[in-house]
Amino acid sequence: MRNPYNLVNKLFNTSEKTKKKKADEEEEGGGFKTGEGKQTQRYCSSGLHVMPVQLVFGGTSGTQVPAHLTRLPIPLISTSTDCSDKTVKDVLEVAGFTVGNSPTFQKDKLHPCNLHLSGEQACIYVLSSAFSAVSLPANKRSSSAAAKVLKSSKVSKYTYTRLSELKPGAVVNVYGVVVFFKQPFMSKGTDYCSTLKITDQSNQKVSCTIFCEKPEDHPRIFKTGDIVRLHRVKTKLFDGAVSLLNTFGFSVVTFDGAEGAAIIPRTASRSFHFNQVDQQTVEELRAWAATQGLISSISWIPLSAVQPKVYFDLTCQLLSKAPVDSTCVLLKVWDGTRCTHPLMTLSTEPAVTEGTSSLSKERDNLIAIVFVYDDHVEGTRKLKPGDFIRIYNLHALPAAGRLPGDFINQSEGTDKLVFHLHWGTSFGRGIRILPNDSQDIQDLKSVLELFPEDELNDSVLLEVWSTPPGTLDGSVEYATERRCAHNMDPVPLAQVKQADLFGQFHVKAQLRSYQPLKLYQALKLHCPKCNFIRDIPDGETVADLFSEASLKSGATPVPWAISGTVHLPAESHNSCSRTLTFYQSRQLITEGRPRDLVYLMGATLQETKKLAVGDQNIIPVLSLGGSLTLLPLSAPFLFQGRKQFYGCSQCSQVCLKALPEGMGMMTEKAVAEALGVQLLHHSLLMKLELQDETDMLQAFLWRDAEQFFQVSAEEAAASQEVQDVIQQTMTRLCSAGSSMTERPWLHLCLTSYQVEDNGQKKTCYQICNTAATINQPRC
DNA sequence: GATTAGGCTTCG
C-alpha cells in the first residue's frame, strides 16, 4: 500500500530537510567546578612549593583576575621591570613571577627574558578564552548533547589505573565495561545517585557510586556492556573491597560497548579530551568484553517474547501517559511486536491523558500498559508521547486483582498481562529516554515504520474534544483552535523540528505563507485504496474527453436497459446534427423510479451538466467495440446535481451491467459500486509555512483540511461559495501584504511523520485536529 | 570538601 503522506510530500516536491540541531555542549568538569560564585582552585606542584592555578571565567561570576593586578605587555618585559602586582597574559595569565635572562635567547631568538614562577606569590590564571573554541552560550546547552572533543589540547593528560591496581585513598581515572548499573535516582541528600559496577581486562569488578546534583551529569548508560571512562574518582574501602566514588572535578564519558559500533561519546560535558590512545582503549575493552560474554547479542526482549512473571528491559515508544493517582502513572507503549500472551487494555481519561487516551482495537496485543509507581513517577514527568524509552526491570504480571486505583475493578479474573515498574531501584529498576540516533532506537523505528502511520491517529479522530476556552492564554484571540484529545503544552517550532520523532505537538504560530495561492489548485482527488492523489482535471480537458466520446456514440443495445434517442439538429453550418442516446435501467423501471439514474451517450460536457441539474444522476457512456462502457476515468463517471464524481483508473474494474435489486438511495458510493468504479474522494491539500519566535516550519494541511476550513472538499469542488469560504479563511490568516504583527496567532496540533523521498527519509508535518474559529460562515 | 548509597525483585 502506498503511503499517502509520501504522495502529499511529492505533490509539493518539498526540499525541506529535517534539521537536526547539533547536540549542544557542556563543559567537562576538568578539575574545575564551574558553579557560579564558586571560587575554585587546583594546585599543581612546582618543586617544593605548591602553586595555585586558577581558571578564570568571562562575565562577572566565578574567579576573576584580582583588580589590583595590572597587565604587563610582553615586549616591554626586561630584567629591570617592576613585577609587583603585574600580570602577563598569554594563554595563561600569571602573577607573582620574577624575571630572569633567557638562557636560550641566543639560540631561539624569542624573548630575552624568562618568567620565573616560584614562591608563595606565584599564581597562574588559566583564561577561559583558552577554552573558547568549545564554549557555547548557556542557552544553547542541553543535556542530550554530544560534547566537542579536544583532540589536540595539551592542557591535560590522563593516566588510567587498572581496576585490579586500585589502592584505597587515591583519586584516579579509570576505564571499565559496565556489568551492572542503576539509572540516577534521588538520594536522601541533595544529589541524584547512580551506582554502577565495572570491570576491565584485569577481571576485577569494582562498584562505583556517583553523586551529582543533575541527572544529566551522571554516566549515560543504556545497557550492560557500555564502556565508561571516569575521571577523578576516589577509591574507598567498603565491605573489604575498593569502591569508587566521584570527587571534585569528576567527569564521565560513556560509549557503546559493541565491537564495530561508532565511537560516539555520551556526555553532558561541553568539552572533553579524547585522543587516539582513548580510542584504542575503547576498542580494546570492546574486544575483551566480547570474549567475556559481557555484551549480549540480543539488544532487548521484544514484547512478543514476554511471558507472565518475567522481569525484563523493554525498549519501546511511548504512546500516551496518564496519571492514576499520586503514586502511580499509566504509560501505554509499543515496540511494534505483538505479545503472544493477551495484553490488558484500559482506557484513560482523555482530559488527563497526554497522547491518545484510547487506542484502536487493531492494536490488540501491540500496546502494553505500564504502571509506574512511587519514586519512578518523577522520571515520567519529562516523558512525552513519541519518546523512545527503555524501562529497566519491568515486571510482567496477570492483571487479576493487581491494578492500582479504579482499574482494580476492571481486572478481576483476567490473566491478561500488565506491566509494573515497582517501587525501589533493585536490579537497576528505572526508566530512561534513549536518544533517537542510538542503534537500538534506529532498529525499533524501522520496525514501527512497518505500521501505517495514521493508524495510531484513527482513534484520535473518534475523540474530537474541544479545548476548553479557559485554556487559551490571556486576551490573545486565536484564529484557530485545537480539536484534539491531547493534553499537552504548546512547544516552540524549533523544538518540534529538533524532536525528530513521530508524534503530536501543540504549537502556537502565525502563518507566514501558503501554497497554492490559487485555491482551486488545492482541490485534489484521492483514492482511499491505492492512496493516489491527483488534481481535478480542468474543464477544457474534460470537455475534450466528451467530444471524443461523442464520436463513439453508435446505437448499442444492452439487455439490462432500454434506450431512447433525442435528435439534435445542426446548430450552425459548420456543425452536424447529433443524436443523444439515453439508457434507463430495467431494474429501476421495475422499481418504478426509472429517472433515478440515466446513462447518457453522445452529449457534450455542457449538455451533461445541464441535464444533471435538479439532482439527476447522469452517467456518461460511450460505445466501444459494440458494448457500452464509461468514458476514460479522467472524466467524471457520475454527474449528480452540481457535483461530479471521479473514479480511480488504477483501482476500478468497470463493468456496465444490470443494477442490483433494491439499491436504495442513488448515492455516488452505491453507483460507483454498481459500475465497478473505485470512487475518488475530494480532498484539500495545502502547504502552510508557520512561524513563531523560534523558527519556521512547513506543514501540510491535508488529512484534516476539511475540519480546518469547516467545509466539505466535495462541496468546494462544486460550489464557488464554498471556495470563497476557504479563500476568506486564508485571507484572514495571511492576507497578502500584511505584516506578521497584523496576522493572527494560531493554536495548532501538529503530527510529525517520516516519509521516504528518493530513498531519503525525511520528516514531514501535518496540521491535524485543528479548526479555524472566528468569523466562520456556515456552509 | 558535608550528605546521599553501599545492587540482589513486587503494596499496587
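Numbered from 1 within each chain, the chains take letters A, B, ... in sequence-line order.
- Distance, A:N393 CG to B:dT10 C1': 10 Å, rounded to whole Å.
- Counting non-hydrogen atoms under 4.0 angstrom, A:D239 reaches nothing in the nucleic acid.
- For A:F248 and B:dT3, the CZ to P distance is 11 Å, given to the nearest whole Å.
- When the P atom of B:dG7 is taken as reference, atom CD1 of A:I198 falls 16 Å away, rounded to whole Å.
- When each of B:dT4, B:dT9, B:dG12 is scored by its nearest atom to the side-chain atoms of A:S426, the top-ranked nucleotide is B:dT9.
- In summary, the aromatic rings of A:F407 and A:F371 are positioned with their centroids under 6.0 Å apart.
- Looking at heavy atoms from C-beta onward, A:L318 lies in side-chain contact with A:L331 at the 4.5 angstrom threshold.
- With 3.5 Å as the limit, one finds a donor-acceptor pair spanning the side chains of A:K182 and A:T425.
- No side-chain donor from either of A:H218 and A:Y192 sits under 3.5 Å from a side-chain acceptor of the other.
- Following rounding to the nearest Å, A:L244 (CG) and B:dG6 (C1') show an atom-to-atom distance of 13 Å.
- Distances were taken from every side-chain heavy atom of A:F427 (C-beta onward) to each of B:dG6, B:dG12, B:dG7; the shortest belongs to B:dG7.
- In this entry the distance linking NE2 of A:H218 with P of B:dT4 reads 15 Å, nearest Å.
- Where A:F238 and A:G401 each meet DNA chain B at their nearest nucleotide, the meeting point lying more 5' is that of A:F238.
- At a threshold of 4.0 angstrom between heavy atoms, the contacts of A:T327 include nucleobase atoms, whether or not backbone atoms are also involved.
- Between B:dT9, B:dG12, B:dG6, one nucleotide has an atom nearer to the side chain of A:R429 than all others, and that is B:dT9.
- For the P atom pair drawn from B:dG6 and B:dT10, the interatomic distance equals 14 Å after rounding to whole Å.
- Between A:H231 and A:F250, a ring centre-to-centre spacing not shorter than 6.0 Å is recorded.
- Of the two residues contacting DNA chain B, namely A:Y311 and A:D191, the nearest-nucleotide position lying further toward the 5' end is that of A:D191.
- Taking atom NE2 of A:H376 as the reference point, atom C1' of B:dG12 lies 13 Å away to the nearest angstrom.
- Out of B:dG12, B:dG7, B:dA5, the shortest distance to the side chain of A:K197 is found at B:dG7.
- Side-chain nitrogen and oxygen atoms of A:K182 include at least one within less than 4.0 Å of the OP1 or OP2 phosphate oxygen of B:dG6.
- To the nearest angstrom, P of B:dT9 lies 18 Å from CZ of A:R402.
- Here A:K236 lies in heavy-atom contact (under 4.0 Å) with a base.
- Seen from the ring of A:F222, A:R266 counts as a face-on cation partner, given the 6.0 Å and 45° thresholds.
- One atom, CG of A:N409, and another, C1' of B:dG12, lie 14 Å apart when rounded to the nearest Å.
- Out of B:dT10, B:dA5, B:dC8, the shortest distance to the side chain of A:H422 is found at B:dT10.
- Stacking annotation: A:Y373 is stacked on the base of B:dG12 (ring centroids less than 5.5 angstrom apart, interplanar angle below 30 degrees).
- Across all strands shown, A:C328 has no heavy atoms under 4.0 Å from either base or sugar-phosphate atoms.
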